[in-house]
Amino acid sequence: MDYRPRDIEKKWKTYWEDQDVYKVSNQSDKPKYYVLDMFPYPSGSGLHVGHPLGYIASDIFARYKRLRGFNVLHPMGYDAFGLPAEQYAIQMGVHPAKSTAENIARYRSQLDNLGFSFDWSREVNTSKPSYYKWTQWIFLQLFQHWYDQEQAKARSIEALIAHFDAHGTEGLKAACSEELSFDSAAWSAMDAKAKDDVLMNYRLAYKKQTFVNWCEALGTVLANDEVKDGLSERGGHPVERRPMLQWSLRITAYAERLLSDLDTLEWSDAMKKMQANWIGKSIGAQMFFDLEGSDEKLEIFTTRPDTIFGATFMVVAPEHDLVAELTTAEQKGDIDKYLDYVNTRSERERMSDVKTVTGAFTGAYAINPFNKERVPIWISEYVLKDYGTGAIMAVPADDERDRRFAEKFGLPIIDIIDKSAHPGATIEDKVGTMINSDFLNGMEVLDAIQATLDAIEQRKIGKKQINYKLRDAIYSRQRYWGEPFPVIYDAAGVSYPLKEEDLPLELPELDDFKPASGGKSPLARKTEWVNRPDGFFHETDTMPGFAGSSWYYLRYMDATNAETFAGQEAINYWRDVDLYVGGTEHAVGHLMYARVWHKFLYDLGHLPTIEPFQKLINQGMIQGVIEYLYLSKEKKDGQSQFVCAKLAEERGIEDFARMPVYVAYVADYGTDNSHLNAEGIRQFTEWRPEFEGAAFECVEGTYQNGVFQPKGEQTEGRLHTKSEVGKMSKRYFNVINPDDVVERYGSDCFRLYEMFLGPIEQAKPWDTKGIDGVSRFLRKFWALFFDGQGDFHCSDEEPTKAEFKILHKTIKKVTEDIERFSFNTCVSAFMVATNELSKLKSSKKQIMNPMLRLIAPFAPHMSEELWHQLGHETSIHLTEYPALNEEYLKEDAFTYPIAINGKTRLTMEFPADAAKETIEKEAVALEGIQKWLEGKTVRKVIVVPKRMINIVVG
RNA sequence: GCGGGUGUGGUGAAAUUGGUAGACACGCUAGACUUAGGAUCUAGUGCCGCAAGGUGUGGGGGUUCGAGUCCCUCCACCCGCACCA
């Protein structure tokens with residue numbers, strides 16, 4: 001019988017489905033294990049060979065754990081709300097629900113092609129009302145809770161109101177937008193709107209006027225992690241800072257727990273660092289500076305209070321609330337001019353240009369609380385509104401940026417730290433002895449910091465404070481394709497939560513998805529929906545992409561529950577995700593939000609664990625080869641001219657050589673036109689070396705939405721390329737569809753090959769060449785079961801010791817390697833075993849039966865087929881993992897490498913239990929060794945049992 | 001600039017605690033078979049050398065009987081963050 005992977009695979013796929021082999025129950029005596037993949041956003045271009053890498057690894061692990069006796073939850077679903085579907089809707093007029101459903105169908109068929117053991121009965125789709133009902137429900141919980149810093153947990157708004165009724169803000173320690181102070185009488189005197197505003201100051205989901213990342217091209221605001229280098233992560237459009245009334249999540253309330261609980265997780269150090277950096281904890285002091293001629297105080301934050309005597313000026317952010325008040329009449333011109341300049345600067349410019357020193361003097365002075373010196377107050381964009389208090393004391397002697405600023409504007413610099421004892425120390429290192437610093441003189445920096453902190457608290461001019469870089473997450477999107485907010489407003493603008501029984505608040509139908517005017521969501525145009533019959537108004541913003549993905553792993557535990565987001569029993573059984581597999585691109589976004597939601601639900605008593613994802617594995621990206629094409633045209637003067645340079649400019653690509661290949665219009669290529677499509681466009685989905693330097697005729701043009709539009713006249717030129725390893729993407733024409741590979745080699749081969757490519761966490765370019773080796777291996781393995789006539793011939797004969805040894809060596813190696821997620825070496829181990837068994841012409845049931853169970857997680861179809869050929873009636877995937885018997889691994893002898901001065905010269909076999917002395921004596925006496933010892937003295941002989949022998953001579 | 005990572009044959013890579021560097025594959029070379037295949041099998045394949053031998057894990061230095069592995073230093077590339085007070 002020949003190995004025909006596609007026939008086998010279809011047969012067993014149907015069998016598994018019919019038998020519900022991968023269905024998992026929430027009740028079991030077995031220990032639980034939860035293996036989760038980051039669910040995909042079903043994009044229009046389908047899966048490419050890079051996507052399944054993590055899914056294959058997690059599937060192998062899930063199957064392995066199942067065989068080892070665990071009740072394994074291994075689900076899959078779709079993150080189905082999002083921008084691309086909506087962009088597509090705007091362009092093509094297709095409803096996002098329709099295109100999303102089509103994309104999901106395509107993803108499903110691609111996933112089904114790869115032999116995954118997902119329990120599809122638990123599939124989630126974040127855009128379905130039955131799912132987003134609970135996204136809205138969790139949002140309402142966030143809306144109706146606040147964070148009590150004293151108890152370090154979320155508490156109900158009712159408790160907060162009770163506190164206000166009794167004590168006002170007295171004794172309240174709460175996470176809030178700004179510190180408020182009122183007594184109970186003032187609270188009860190407030191009208192509904194005022195009370196609503198106060199509560200918004202504390203709610204974990206709150207609405208507030210804030211500076212947000214506005215993306216004009218997308219017509220919506222974006223969260224910080226959705227902005228990269230001042231451009232939107234999706235689409236790469238410019239983003240600007242703009243004040244807008246927006247929903248936010250008070251994730252900063254959880255900053256400390258997010259940071260400290262990282263210690264409980266098995267994540268890579270890199271991943272923990274990324275999270276820690278994003279949280280950005282720093283310990284320092286809050287300090288108040290009196291303002292000359294004003295009752296106001298200027299609040300600053302510093303991590304270096306010890307440098308207070310070197311503070312020769314203050315800098316506040318241009319957007320700081322006090323700027324207008326601080327500015328004196330004669331400085332108003334300068335300040336206004338500077339503010340105009342700041343306003344013209346895009347976020348992008350601001351970020352890319354951090355070297356230029358700019359600023360303006362307000363004319364106002366602050367008073368140094370320690371030495372009562374007058375300190376001028378400046379504004380500059382290097383001080384950020386969002387961090388700390390948006391104001392600093394500048395110490396040019398001890399801070400690089402302050403120094404540059406002082407030098408540019410001629411401000412005084414007072415040396416305060418003597419670093420002469422620390423030659424290599426940089427300006428920012430916390431070492432040295434204090435000078436010119438009054439009571440701090442002579443102290444070491446670290447002591448001085450503590451002494452200053454004490455003095456600050458003693459003099460009541462500030463206090464020790466902890467600051468975080470983490471910002472609250474902007475939670476509003478001015479889009480259609482997202483979860484509607486379950487919040488309504490009355491005519492006065494007071495907000496009310498929808499009742500739980502009114503959930504889900506379904507997304508209304510719309511036929512035009514373009515944003516409404518004035519930065520409003522498309523929903524705002526549907527006035528009959530916005531204006532409710534009861535006189536209230538709907539919120540028209542929708543929730544961001546990360547809403548649905550922040551808790552989907554909980555829904556899988558009990559995916560069809562209509563009463564609650566997941567039943568308590570199911571949650572208490574599954575608890576948390578044991579293994580989470582996904583890309584690093586979610587290091588700060590998704591993983592941070594999911595952790596906050598988890599901790600919040602834990603606070604409310606819905607979850608038994610403090611963290612959602614115990615172990616995290618980041619699969620590396622599978623890259624493609626990008627062939628960039630450029631055209632050169634011979635000019636009369638002999639110099640070549642790059643025709644594409646102009647095109648590149650139009651397309652906003654700075655480096656012409658980085659242009660994707662498809663822009664070329666090749667009218668003729670020698671006599672062979674087979675590489676041209678119907679329009680005569682060469683889409684270089686593969687590159688042939690002979691194209692390099694080939695002459696051709698071309699016209700310039702653009703390529704949009706699959707249509708080439710020629711511009712300009714035909715010219716002659718030459719073709720040049722440059723290749724580079726990079727992202728696999730539709731726009732580079734380097735996408736390889738797993739379906740094509742599977743069709744040719746089978747999905748077992750595809751799975752094995754993706755694992756064989758290298759370590760799971762490493763990025764690597766896809767190269768189909770090596771797959772033949774894996775394919776050969778599978779056929780060789782298959783052939784072990786059949787004789788020369790193609791008849792099944794696995795015998796009942798008792799295996800030899802050598803055969804048992806091959807089996808158990810492989811069991812040991814594969815088991816250890818799976819446990820450390822080293823799947824590439826597992827595949828090697830299978831190859832080695834197969835090569836050895838082939839050589840022995842071994843085909844015995846006692847060997848092949850366990851061997852099949854060992855390889856089953858990797859090659860589920862083939863192993864199932866052979867398992868049934870061996871006479872079994874039930875699925876191999878429901879059996880037990882083969883047991884290791886170390887007895888077979890015991891060696892009678894060991895082949896020692898014998899080295900002289902560390903260089904291996906020859907090898908010699910000794911009995912495993914040979915005494916050190918015997919080995920030493922015999923090794924030195926060997927003829928092959930003696931010739932190396934001539935004329936030299938043996939100084940020492942090192943014998944490490946079962947390792948090596950080293951003879952030291954001199 | 002800061003933080004993290006990686007550097008090993010022509011290629012993907014392996015070497016789990018310091019102990020025979022290059023397992024396993026791809027590719028290449030030679031050969032066998034042939035119902036001529038995208039098939040299979042055999043042998044070889046780090047580099048230099050006919051060989052003996054030498055040499056070799058980004059460069060330089062160190063610790064050690066012994067270093068791809070540990071320490072110092074420099075270089076290159078990749079990823080993340082970036083005026084964070």
Side-chain angles (χ1 to χ4, degrees), chain A residues 228-229 268-274 276-278 280-282 284-285 300-304 307 315 350-357 380-384 386-395 398-402 404-405 426 428 467-470 584-585 587-588 618 620-621 725 744-745 753 756-759 761-777 779-780 783 813 816-817 819-820 822 824-832 834-835 895-907 939-944 946-954:
Chain A
K228 293 258 140 75
D229 299 327
S268 70
D269 288 345
M271 195 58 64
K272 287 187 186 183
K273 270 269 165 50
M274 272 190 243
N277 287 345
W278 193 259
K281 180 178 182 174
S282 58
I300 62 123
F301 172 74
T302 178
T303 54
R304 295 296 303 276
T307 61
V315 187
R350 225 173 131 159
M351 288 175 89
S352 59
D353 168 32
V354 297
K355 292 259 156 61
T356 318
V357 179
S380 172
E381 53 179 351
Y382 86 85
V383 172
L384 308 172
D386 279 339
Y387 185 73
T389 61
I392 62 161
M393 64 176 199
V395 184
D398 209 51
D399 184 286
E400 190 54 47
R401 295 152 305 170
D402 297 348
R404 281 202 312 252
F405 196 84
T426 65
E428 261 95 23
N467 226 313
Y468 300 94
K469 271 193 249 178
L470 186 70
T584 22
E585 64 271 23
V588 288
N618 297 111
M621 201 181 17
V725 169
R744 199 160 122 191
Y745 293 96
Y753 181 57
F756 190 58
L757 275 173
E761 305 210 68
Q762 196 168 298
K764 52 224 152 200
W766 176 266
D767 179 4
T768 312
K769 268 190 243 150
I771 199 169
D772 289 317
V774 174
S775 178
R776 241 168 253 157
F777 152 71
R779 284 197 300 268
K780 210 165 164 183
K813 170 83 179 145
E816 283 170 2
D817 286 357
E819 291 284 354
R820 63 187 180 107
S822 174
N824 54 330
T825 52
C826 290
V827 180
S828 301
F830 288 130
M831 288 174 170
V832 171
T834 304
N835 290 344
T895 307
Y896 282 85
I898 306 174
I900 294 164
N901 284 347
K903 278 194 203 319
T904 306
R905 294 303 177 181
L906 49 88
T907 58
R939 300 215 185 275
K940 201 173 173 187
V941 179
I942 291 150
V943 177
V944 183
K946 296 204 185 164
R947 285 255 188 241
M948 44 66 67
I949 300 160
N950 191 14
I951 303 169
V952 186
V953 297

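Chain A is the first sequence line, chain B the second, and so forth, proteins listed ahead of strands; every chain is numbered from 1. Both backbone and side-chain heavy atoms feed into the values below; hydrogens, waters and symmetry mates do not.
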Shortest non-hydrogen contact from A:Pro759 toward A:Lys764 = O-NZ, 2.6 Å
Under 3.5 Å for both distances, Watson-Crick or G-U wobble, that's the pair rule; now give the dot-bracket for RNA chain B, with | marking pairs to another strand and [ ] for crossing ones.
-> (((((((..(((......[....)))((((((.......))))))(((....)))..(((((..]....))))))))))))....
Which residues pass the side chain to side chain contact (heavy atoms under 4.5 Å, CB included) test with A:Thr584, sequence neighbours left out?
-> A:Met271, A:Met274, A:Asn618
Please tell me which of the listed nucleotides, B:C83, B:A85, B:A13, lies nearest to the side chain of A:Tyr382?
-> B:C83
Calculate the interatomic distance between A:Arg404 atom CZ and B:C83 atom C1'; express it in whole Å.
-> 7 Å
A:Arg779 has an atom CZ; how far is it from atom P of B:U40, in whole Å?
-> 5 Å
When the distance from CG of A:Asn467 to C1' of B:A85 is rounded to whole Å, what number comes out?
-> 9 Å
Closest to the A:Asn950 side chain, choosing from B:G4, B:G80, B:G66 | B:G66
What distance do A:Leu906 atom CG and A:Thr895 atom OG1 have between them, rounded to the nearest 0.5 Å?
-> 12.0 Å
Span that lies between the P atom of B:G59 and that of B:U64, in whole angstrom | 23 Å
In whole angstrom, give me the gap between the P atoms of B:G12 and B:A23.
-> 15 Å
Under 4.0 angstrom between A:Arg820 side-chain N/O and B:A14 OP1 or OP2 = no
Sugar-phosphate only, base, or nothing, as touched by A:Lys469 at under 4.0 Å among non-hydrogen atoms | base
What are the two closest heavy atoms between A:Phe301 and A:Thr389, and how far apart are they?
-> N-OG1, 3.6 Å
Correct closest heavy-atom pair for A:Asn901 and A:Val952 would be OD1-CA, 3.4 Å
Considering only atom C1', compute the distance from B:U45 to B:G4 and round it to an integer number of Å.
-> 38 Å
Measuring from A:Tyr753:OH to A:Asp767:CG, what's the distance to the nearest 0.5 Å?
-> 5.0 Å
Proximity to the side chain of A:Tyr387 - top-ranked nucleotide from B:A39, B:A85, B:C83 = B:A85
C1' atom, B:C70 versus B:A76: distance in rounded Å?
-> 23 Å
Select from A:Ala763 and A:Lys903 the residue whose nearest nucleotide in RNA chain B is closer to the 5' end of that strand.
-> A:Ala763
pair A:Phe777-A:Asn835: side-chain heavy atoms closer than 4.5 Å = no
Looking for any heavy atom pair under 4.0 Å, which part of the strands does A:Lys813 touch: base, sugar-phosphate only, or nothing?
-> base
Is a side-chain donor or acceptor of A:Thr834 paired with a backbone partner of A:Phe830 at a separation under 3.5 angstrom?
-> yes
Protein proximity profile, nucleotides 20-37 of chain B - base contact B, sugar-phosphate-only contact S, no contact -, cut-off 4.0 Å on heavy atoms = BS-BBSS-----------
Tell me, do A:Val944 and A:Tyr896 make a side-chain contact under 4.5 Å, heavy atoms counted?
-> no
Taking atom C1' in both B:G1 and B:C47, compute the distance separating them and give it to the nearest angstrom.
-> 41 Å
Residue met sooner reading RNA chain B from 5', once A:Arg905 and A:Glu381 are mapped to nucleotides | A:Arg905
Taking only the side-chain heavy atoms of A:Lys273 (C-beta and beyond), determine which of B:C81, B:A85, B:G4 contains the nearest atom.
-> B:G4
Using a cut-off of 4.0 Å on non-hydrogen atoms, how would the nucleic acid contact of A:Leu384 be classed: base, sugar-phosphate, or nothing?
-> base
Rounded to the nearest 0.5 Å, how far does CG of A:Asn950 lie from NZ of A:Lys940?
-> 9.5 Å
Going by a 90° cut-off around 0, is B:G22 syn or anti?
-> anti
Rounded to the nearest angstrom, tell me the gap between atom CG in A:Asn901 and atom C1' in B:G19.
-> 15 Å
May I have the distance from A:Met274 (atom CE) to B:C78 (atom C1'), rounded to whole angstrom?
-> 12 Å
Using the C1' atom as the reference point in each nucleotide, state the distance between B:G27 and B:U11 in Å, no decimals.
-> 7 Å
Mind checking A:Gln762 for me? I need base, sugar-phosphate or nothing, with any heavy atom below 4.0 Å counting as a touch.
-> sugar-phosphate
Could you state the CG-C1' distance from A:Asp269 to B:U6, rounded to the nearest angstrom?
-> 15 Å
Can you tell me the distance, in whole Å, between the CD1 atom of A:Ile300 and the P atom of B:A85?
-> 12 Å
How about A:Thr307 and A:Asp398: does a side-chain donor come under 3.5 Å of a side-chain acceptor?
-> no
What interatomic distance, in whole Å, is found between P of B:G46 and the corresponding atom of B:G22?
-> 9 Å
Identify whether any heavy atom of A:Ser282 sits under 4.0 Å from a base atom; if not, whether one sits that close to sugar-phosphate; answer base, sugar-phosphate or nothing.
-> sugar-phosphate
Value rounded to 0.5 Å, distance of NZ in A:Lys469 from CG in A:Asn277 = 6.0 Å
Could you measure between the two P atoms, the one in B:U69 and the one in B:U8, and give it in whole Å?
-> 14 Å
Rounding to a whole Å, what distance do you find between A:Ile900:CD1 and B:G53:C1'?
-> 14 Å
Which nucleotide in the list B:A85, B:A82, B:C65 gets nearest to the side chain of A:Trp278?
-> B:A82
